[in-house]
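Written below as structure tokens is the structure these notes are about.
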Amino acid sequence: MSEMGITVKKSENFSEWYTQVVLKSGLADYAPIKGCMIFREHSYAIWEKIQEVFNKRIKEKGHKNVYFPLFIPESFLKKEAEHFEGFVPEVAWVTTGGNSKLEERLAVRPTSETIMYATYAKWIRSWRDLPIKLNQWCNIVRWETRATRLFLRTREFLWQEGHTAHATKEEADTEVIEILNIYKDLVENYLAIPVLVGKKTENEKFAGALYTTALEALMPDGKVLQMGTSHNLGQNFAKVFDIKFIGEDEKEHYVWQTSWGITTRLIGALVMVHGDDRGLVLPPKIASVQTVIIPIPYKDVDKELILRKAREISENLQKNGISAVLDDRSEYTPGWKFNEWELKGVPIRIEIGPRDVKKRQVTLARRDTIERFVVKEEEIVDTVTKLLEEIQSNLFNKAKEFLEDHTTTVKTYNDFKEALKKKGGFIRTCWCSNSTCEEKIKEETGATIRLIPLEKEELFSNCVYCDEEGKEVVYFGRAY
RNA sequence: GGGGUCGUCGUCUAGUUUGGUCAAGGAUACCAGCCUGGGGCGCUGGCGAUCCGGGGUUCAAAUCCCCGCGACCCCA
């Protein structure tokens, strides 16, 4: 047996399993630069699917896509002090152009607030210029010094960053929540990954924001992964970049801004949450190939007949909006193909051999459960359509169950530590809102407050750390 | 942030402990030819590695020492 398949079990060595799935399924490869990766066809197709879904949703809301420069002058980055402090440790700098040293060094964007907002200041004069609702899909560089992981933490990654400017705080608040909801819909209904949504604490918020909201998902190893963020920037950037408008009241006002993003990290989450010992398992709605048809020809039977049937099925599926690939490569055996497509996570496999042709049927195999059954020819489209939906919801439900199983409510610090150690996951508890307690807990356990739920939950105890009066219910966890 | 492991044909690896047997062995992939086809099938032949890079020790280095580069794992 070769080393082509996954050689470790997800349950036995999660890290190693993850790396193998990513590499062997053809999602990604290492680049010859430390901490950088290659997004191969398979992962880029997933990214394009994410783009497709998200673009559609924000365009419906009136957002437009743009592209701003990769380089940001140092002076821009420095304008908002908190923002600069937050990002400077991991900024990559361009100091030389050709043979000449630059007068002012340029940051390779770690995020584009500053370069975009310098321009917003130029564009905005009147309340009639508002709101501005722009988004860009681009690459980002953050010079990580910590250990990097494919998709999860790399020095360069792809993302989408939305940047809006509004006349009032209320409008900005609404924007933040609407985007958060679009993210939740994308992640839960397409990627089939359940999330918790909420607000970040002061310690965890975006550098320079008024407040940050986020989606957090639970990975099978009990660690928490942030799946997207949406910030209300308040007027912090408006004040330093001088983004002002004359309102209907004939007075001068600073704009209220938001920014929000999701990254290619989502693909890493997809691998971790749904993958199994055979490789990737893709939710049908995000899979670029939803069905693969594998003809099984024998020497003594009419190969053409089988192929013709296979083609017919493929066309029929595509006519009905189901993506299908006919794998008619004669140089590989059916068994070989089964393994390859399973590794790549294709939701449904359709086998068609002499047995099937004779009985006017096909054999279906679903990737999520590895079940196999026979379907009559005329029922293929209906069955596949239903099965795709079923796989989609099955994946979500399984992940949801895991999330619920691994969310523990505690009242005491001892229970907190025990739950974290034994199960990991989310620890739901009460907190006094004092950042000292938050920091102490982080120091002692490595867990941080991932979220304060948007809809306030009813208090049930004192602060889990200091035992002073509890002010809010929060969710702790160890984050990636 | 702390600790550990590792780097040998495209890939996975044997060899490193104890320097000489290594002009580096195997498997897989790849190429040619057969055979096949409902789970990575089989047979024959072929191609393929200045042992991650640099320096040092030595009569002799894949093996020992130093520096660098890169990757992985574990813990917080």
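Hydrogens, waters and symmetry mates are skipped; everything else that's a heavy atom, side chains included, is used. None of these values were measured; they are calculated from a predicted model. Every chain is numbered from 1, with letters handed out A, B, ... down the list of sequences.
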The side chain to side chain contact (heavy atoms under 4.5 Å, CB included) partners of A/P69 (sequence neighbours excluded) come to A/I115

Base-paired stems that RNA chain B participates in, counting runs of 3 or more Watson-Crick or G-U pairs under 3.5 Å:
B:1-7 with B:69-75, B:10-13 with B:25-28, B:30-34 with B:42-46, B:52-56 with B:64-68

Expected rows: protein N/O vs nucleotides 32-36 of chain B N/O, under 3.5 Å:
{"from": "B/rU36", "atom 1": "OP2", "to": "A/K299", "atom 2": "NZ", "distance (Å)": "3.4"}

My understanding is that only residues two or more places apart in sequence, or in another chain, count here; which of them pass salt bridge (Lys or Arg N to Asp or Glu O under 4.0 Å) with A/E418?
A/K422

Contact list (N/O, under 3.5 angstrom) for nucleotides 70-75 of chain B vs protein:
{"from": "B/rA71", "atom 1": "OP1", "to": "A/G35", "atom 2": "N", "distance (Å)": "3.0"}
{"from": "B/rA71", "atom 1": "OP2", "to": "A/K34", "atom 2": "NZ", "distance (Å)": "3.4"}
{"from": "B/rA71", "atom 1": "O3'", "to": "A/Y30", "atom 2": "OH", "distance (Å)": "3.3"}
{"from": "B/rC72", "atom 1": "OP1", "to": "A/Y30", "atom 2": "OH", "distance (Å)": "2.2"}
{"from": "B/rC73", "atom 1": "OP1", "to": "A/S15", "atom 2": "O", "distance (Å)": "2.9"}
{"from": "B/rC73", "atom 1": "OP1", "to": "A/E16", "atom 2": "N", "distance (Å)": "3.4"}
{"from": "B/rC73", "atom 1": "OP1", "to": "A/T19", "atom 2": "OG1", "distance (Å)": "3.3"}
{"from": "B/rC74", "atom 1": "OP1", "to": "A/S15", "atom 2": "OG", "distance (Å)": "3.4"}
{"from": "B/rC74", "atom 1": "OP2", "to": "A/S15", "atom 2": "OG", "distance (Å)": "2.6"}

For RNA chain B, what residues of residues 360-387 of chain A have any heavy atom nearer than 4.0 Å?
A/T363, A/R372

Expressed as a whole number of Å, how far does the C1' atom of B/rU13 sit from that of B/rU57?
29 Å

Side chains of residues 373-382 of chain A: which donor-acceptor pairs under 3.5 Å do they make with residues two or more places apart or in other chains?
{"from": "A/E377", "atom 1": "OE1", "to": "A/K309", "atom 2": "NZ", "distance (Å)": "3.2"}

Measure distances between side-chain N and O atoms of A/E340 and base N and O atoms of B/rG40, and say whether any donor-acceptor pair falls under 3.5 Å.
no

Please list all pairs passing the side-chain hydrogen bond (donor to acceptor under 3.5 Å, both in side chains) test where one or both residues lie in residues 28-49 of chain A, with sequence neighbours left out.
none

Close N/O contacts between protein and nucleotides 44-48 of chain B (under 3.5 Å):
none

May I ask you to verify whether the side chain of A/R349 and the base of B/rG39 hold a donor-acceptor pair under 3.5 Å?
yes

Pair A/F39 + A/F151: ring centers closer than 6.0 Å:
yes

For atom P, what is the distance between B/rC66 and B/rA71, given to the nearest Å?
22 Å

Over how many whole Å does the gap from A/L420 atom CG to B/rA76 atom P extend?
9 Å

For nucleotides B/rG56 and B/rA61, find the distance between their P atoms and express it as a whole number of Å.
12 Å

B/rU28 and B/rC43: how far apart are their P atoms, nearest whole angstrom?
8 Å

Those residues at least two apart in sequence (or on a different chain) that pass side chain to side chain contact (heavy atoms under 4.5 Å, CB included) with A/S461 are A/K411, A/C430

Please confirm whether A/F87 and A/F206 have ring centers closer than 6.0 angstrom.
yes

Does A/K184, at its NZ atom, have more than 12 non-hydrogen atoms belonging to other residues, nucleotides or ligands within less than 6.0 Å?
yes

Can A/N139 and A/R109 be counted as having a side-chain donor-acceptor contact under 3.5 angstrom?
yes

Is the number of heavy atoms from other residues, nucleotides or ligands within 6.0 Å of CD (A/E331) greater than 12?
yes

C1' atom, B/rA29 versus B/rU11: distance in rounded Å?
7 Å

Restricting to side chain to side chain contact (heavy atoms under 4.5 Å, CB included), what partner residues turn up for A/A399, sequence neighbours left out?
A/P194, A/V273

Could you give the side-chain donor-acceptor pairs of residues 465-474 of chain A under 3.5 Å, partners two or more places apart or in another chain?
{"from": "A/Y465", "atom 1": "OH", "to": "A/E444", "atom 2": "OE2", "distance (Å)": "2.6"}
{"from": "A/E472", "atom 1": "OE2", "to": "A/S433", "atom 2": "OG", "distance (Å)": "2.7"}

Using modelled atom types and a 3.5 Å cut-off, is there a donor and acceptor pairing between side-chain atoms of A/R155 and backbone atoms of A/C36?
no

